[in-house]
Amino acid sequence: MEPAKQNEYSESFKPKKPKPKINPKAPKKHPMGKKLKESLSGYLFMSPTIFTLGIFVVVPILYALFLSFNDVDLLGGIGYEFLGLDNYTRTIDDERAKIALLNTAEYVAIVVPVQTILALLLAAALNSNIKGKNLFRIIFFLPTVTSSAVLTLIFMWMYYPDGLINNFLSFLHLPTYDWLSNPAIALRSIMIMNIWATAPFFMVIYLAAMQDISDTVYEAATIDGANWWQKFIYITVPILKPVTFFVVIMGLIGTFQLFDQSYIFSGGSGGPNSSTLTIVLLIYQYAFQSLDMGYASALAVGLAILIMVVTVIQKVFFGEEKLHD
Amino acid sequence: MRGNKWFAALGISSLLLGSALAGCSNSEESSSQTNSDGKTVVELNGWGSSPEEEELLKETITAFEEEHPNIQIKHEVIADQYMDVIKTRLIGGEAADVFYLDALDAPSLMQQDVLEPLNDYMTEDFDVGDFEDPLVNAFKSGGTHYGFPKDFSTLALFYDKQAFEEAGLEGPPENWEELREYAEKLTVDEDGDGTPERYGLGFAKELARQFYKFQPYGGKLVTEDGKAAFANEKSVEALKPIVDMYKNEKTAGLPSDVGAGFGGDMFGQQKAAMVIEGNWTIPFLENNFPDVDYGTSELPAINGEKATAAFTVAYVMNKNSEVKDAAWEFIEFMTGKEGMEIWTSKGFALPTRKSVADKLGYADDGLRSSFVEGASYAQPWQAGENLPIIMNNFDNQFVSALLGEQTLEEALKKAEDTANNEISSSN
């Protein structure tokens, strides 16, 4: 299939001819001064954004880094005491941090592959010419536009011991579960809910990318005698590789930062039996329940590093490919 | 020409910057001490409760405002994660002048120097001696009063009279052995699938509802220096009956097992024939399940001793309040004889003043007398500043013991170790 792909690309995505630069007011003298002035006015125009970003993004990041090296006293007078790396070494002995990390890792390891594959399959289904596909697109996309807090509350309602899901299961003579309060199940309940809610979002991204794949590739494959599945595996999936990279990375970041669902599920405790305790929930507990900002910041920095490392690994794994290059 | 362009660029940028900054502007209204009528505004923060209780609180506040026409109370309900919000507001200097404080959280706040000491405000008329000692002491540290209890609740046994009749039982159980037998007789599992339609006993698994069992067995919740101390045989013995009833005998159930919100709800829906709950359940049942014919009794004796838990909440003053005198007048009224009488008149919570309790006659009230009786031997739900950490770890581990994922001994050991680890690394 490779040659087909090459042809296809060169046909529809010819590199644009470089246009001659049109600069009617190009000054003849003082080119350096002009450049400086232009960049100055550029920064001037950007200054509101730079200012807002600085205050709400850059400064908090630097401040969190600073906090993570200190023991912070907040109630009854603010005080800092420099601890060096103590906050970081404390994580090693922290039983709850270990549980949170394992829970989060399990959550990421299950949710990311499942939601990616589900998104891909849904997109493939909706990309084919089935009847009423627009209706299905809307229906599938609805969960994504619903607030996660509302979604969680509705799911908790359905998960109750005598709720909708158990009623349905017992109607089919399948075993029922204690979705909310059984430690072995609770995290799975959140996984199911989250996959259901996020897969459609990635489905839309896949769908957009799929509609960019030219029919000629598939036609060529049909002539070569490829069936639907072969076309999917050998054409669609490889062409979508850069999109998959994006979907997996966004999925990883999103799942590593799981907070609101488990917070609402457990009422902020991470229970039952720490089974829904995630790293971000633990950070919340240390920061706002124990008011241990220093340690919470150290955990947050640790999580950021973890996500960065995983992203870099992904990048190596997927290679540095771009869509249509 | 060029100058104009620069002027325009500067203008647009400052416009954008201005609009970005506009969001940061402080609203003056929230920090003002007096309103437009010249009244002093005292802010009050509390958690939400039933509409009936809200109504009663409003009534009490109105009574205060009528007596103090120069003060206006601004009441705000914090719906969720009350202590997180209060602590965050205290740090930000935005906390209310007066707020509720549960005895559980009192030790840490008293130590942090964020509450106003009230000794200098107290007058003879206030009559501190009138309060029940254990309850007022929960908000006292080193001789200094930081708050006064507005009300309290104890735990008692609710039993379904009709279910007792059907099972041929007379009167409530006297001790835990009897309770266990009764629970077995009262459990109904008609379809025989192992999940009863009605449990003999409904209970709450939280430490707040279990800790009072330690003392009769000679165990305790925390050590002198505030560390968890329940990983021992005594505590295992104290908690074993309830774990057995839940796990093996299946005669006790949790509200979540039947999809109920709390024990009172479970009892009202008749999915439990007995529940251990506080007096807040009485008005709840009156309003939602008026047809249930029930009685209350003091908790069955544990290891031959009477034991129950007491929960109390105080009004405390923010140390950074700008209207301290007005705030004190409010606290004085609400925890004084007059205010407390209005507030506790409907029996949602019990008065912490002996004189008010006598006046309202709860000791002779059929349903409430068991709660009043309990006050004399109740153990307040308070144990040093680390209790929130200990509680969190206990609650997490105890569930898995109930489910049989680990033995009770292991669960208590793990809860104690994790809690104490966390305590020592946070200090």
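Below, chains carry the letters A, B, ... as their sequence lines are ordered, and counting in each starts from 1.
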Q) Heavy-atom distance under 4.5 Å to chain A: side chain of B:Thr418, backbone, both or neither? A) side chain

(Q) Looking at every non-hydrogen atom in both residues, tell me the closest pair between A:Ala64 and A:Ser297 and how far apart they are. (A) O-CB, 3.4 Å

Q) With a 4.5 Å limit on heavy-atom distance, are the side chains of A:Thr198 and A:Thr255 in contact? A) no

Q: Would you check if the distance from the ring center of A:Phe66 to the ring center of A:Tyr80 is below 6.0 Å?
A: yes

Q: Against chain A, work out which of B:Lys205, B:Lys414, B:Lys319, B:Lys87 has the most heavy-atom pairs shorter than 4.5 Å and name it.
A: B:Lys87

Q | Contact origin within B:Gln81 toward chain A - heavy atom pairs under 4.5 Å | A | side chain

(Q) Given heavy-atom pairs under 4.5 angstrom as the criterion, report whether the side chain, backbone, both or neither of B:Asp395 touches chain A. (A) neither

Q | B:Phe398 side chain near B:Gln210 side chain, heavy-atom distance below 4.5 Å | A | yes

Q. What residue in A:Pro183, A:Ser269, A:Gly267 has the most heavy-atom pairs under 4.5 Å with chain B?
A. A:Pro183

Q. Does the side chain of B:Gln269 pick up a donor-acceptor pair with the side chain of B:Asp265 at under 3.5 Å?
A. yes

Q. For B:Val258, is it the side chain, the backbone, both, or neither that has a heavy atom closer than 4.5 Å to a heavy atom of chain A?
A. backbone

Q) Given that the side chain runs from C-beta out, which part of A:Tyr295 has a heavy atom under 4.5 Å from chain B: side chain, backbone, both or neither? A) neither

**Q.** Side-chain donor-acceptor contact under 3.5 Å, A:Tyr88 with A:Ser68
**A.** yes

Q) Can you say whether A:Tyr263 sits under 4.5 Å from chain B via the side chain, the backbone, both, or neither, judging by heavy atoms? A) side chain

Q.
What part of B:Asp417 gets within 4.5 angstrom of chain A, counting heavy atoms only: side chain, backbone, both, or neither?
A. neither

Q) What part of A:Asp178 lies closer than 4.5 angstrom to a heavy atom of chain B: side chain, backbone, both or neither? A) side chain

Q: Say whether A:Asn166 and A:Trp179, considering side chains only, have a donor N or O and an acceptor N or O under 3.5 Å apart.
A: yes

Q: Taking the side chain as every heavy atom from C-beta outward, state whether B:Phe267 and B:Phe289 have any atom pair closer than 4.5 Å.
A: no

Q) Hey, mind stepping through B:Tyr246 and B:Asp257 against side-chain hydrogen bond (donor to acceptor under 3.5 Å, both in side chains) and telling me if it holds? A) CA-CA 11 Å; B:Tyr246 183 80; B:Asp257 291 332; 3.0 Å; yes

Q: Find the one option among A:Ala184, A:Pro161, A:Gly294 whose heavy-atom pairs under 4.5 Å with chain B are most numerous.
A: A:Pro161

Q | Between B:Thr195, B:Asp113, B:Ile91, the one whose heavy-atom pairs under 4.5 Å with chain A are most numerous | A | B:Ile91

Q: Check each atom of B:Ser400 against the heavy atoms of chain A and say whether the ones under 4.5 Å are side chain, backbone, both or neither.
A: both

Q. With only heavy atoms counted, which part of B:Ile389 is less than 4.5 Å from chain A, the side chain, the backbone, both or neither?
A. neither

**Q.** Proximity breakdown for B:Asn392 and chain A, heavy-atom pairs closer than 4.5 Å
**A.** side chain

Q) Heavy atoms, side chains only, cut-off 4.5 Å: are B:Tyr82 and B:Val77 in contact? A) no

(Q) Under 4.5 Å from any heavy atom of chain B, what part of A:Tyr284 do you find: side chain, backbone, both or neither? (A) side chain

Q.
For B:Phe99, does the six-membered ring have the charged nitrogen or CZ of B:Arg89 within the cation-pi criterion, i.e. under 6.0 angstrom from the centroid and within 45° of the normal?
A. no

**Q.** Heavy-atom proximity to chain B below 4.5 Å, by part of A:Leu74
**A.** both

